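Fair warning: this is a prediction, and the values are worked out from it, not measured in the lab. Within every chain, numbering begins at 1; the chains are lettered A, B, ... in the order of the sequence lines, protein sequences first and strands thereafter.
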Amino acid sequence: GQQVMQIPQYQHVQEGEDFTTYCNSSTTLSNIQWYKQRPGGHPVFLIQLVKSGEVKKQKRLTFQFGEAKKNSSLHITATQTTDVGTYFCAGRGILTGGGYKLTFGTGTQLKVEL
Amino acid sequence: DGGITQSPKYLFRKEGQNVTLSCEQNLNHDAMYWYRQDPGQGLRLIYYSQIVNDFQKGDIAEGYSVSREKKESFPLTVTSAQKNPTAFYLCASSIVQASSYEQYFGPGTRLTVT
């Protein structure tokens, strides 16, 4: 079945440093979504990427979808303590039926130290 | 306010007992999902449903059962056959459209079985 891996699993940064998490799928994706889960909370949708090579920005966050639509990345510039949490990518395989089933990545837990 | 509610937030059961987790949404979403989250792992799909009276197994359905008698409700039963039931359970819902199906998550139920 489809597998989605993320690296790194954990990342500790000093406030103000940049952070990047990478997402890799075993199969080609029709689109990819990113979610953030704060400690003790539930995942919250951040963004969806659909087109090959697409880049989207949300303030300090930059999301990219690979040209082959098998990988994606999330980059945070100048991290803040409010960025703490676990970031998940989630993709729908291009060959799967049913447009609503997502496969979630393993997540990257970000800790930001002052 | 629109949203997804899960109850209870914390649940304790003895081994060998079945337990049902509640999930209700008033977002008028057609699709609903159940995920399991274990420490250091991503979200794993248990069951999902696109329409009332229909549901499909996810990646880890063994030991679980669901029903979808109403659009708003998608309860999950953790049976005694589930070998490792202690986990954080998340319910989610989404619209069903080709272009947009971000998932909205409930606050989760943390189940402990001893």
Legend entry - N-O pairing of A:Lys111 and A:Glu113 below 4.0 Å: no
Legend entry - Portion of A:Gln37 that has a non-hydrogen atom of chain B nearer than 4.5 angstrom: side chain
Inset, instruction - Taking atom CD of A:Gln14 as the centre, report whether more than 12 heavy atoms of other residues, nucleotides or ligands fall under 6.0 Å from it. - result: yes
Legend entry - Heavy-atom neighbours of A:Arg60 CZ exceed 12 at 6.0 Å: yes
Inset, instruction - Determine yes or no for a side-chain-to-main-chain donor-acceptor pair under 3.5 angstrom, with B:Gln6 supplying the side chain and B:Gly108 the backbone. - result: yes
Inset, instruction - Could you tell me if the ring centre of B:Phe105 sits under 6.0 Å from that of B:Tyr35? - result: yes
Legend entry - Heavy-atom contact with chain A under 4.5 Å, split by part of B:Asp30: neither
Inset, instruction - Give, as side chain, backbone, both or neither, the part of B:Leu43 having an atom under 4.5 angstrom from any heavy atom of chain A. - result: both
Legend entry - Contact listing (chain A partner; residues 81-89 of chain B; heavy atom under 4.5 Å): B:Phe88
Legend entry - A:Glu54: which of A:Lys51, A:Lys56, A:Lys57 passes salt bridge (charged side-chain N to carboxylate O under 4.0 Å, His left out): A:Lys56
Inset, instruction - Measure up the B:Tyr47 and B:Phe55 rings against each other and bin them: parallel (under 30°), tilted (30 to 60°), perpendicular (over 60°). - result: perpendicular
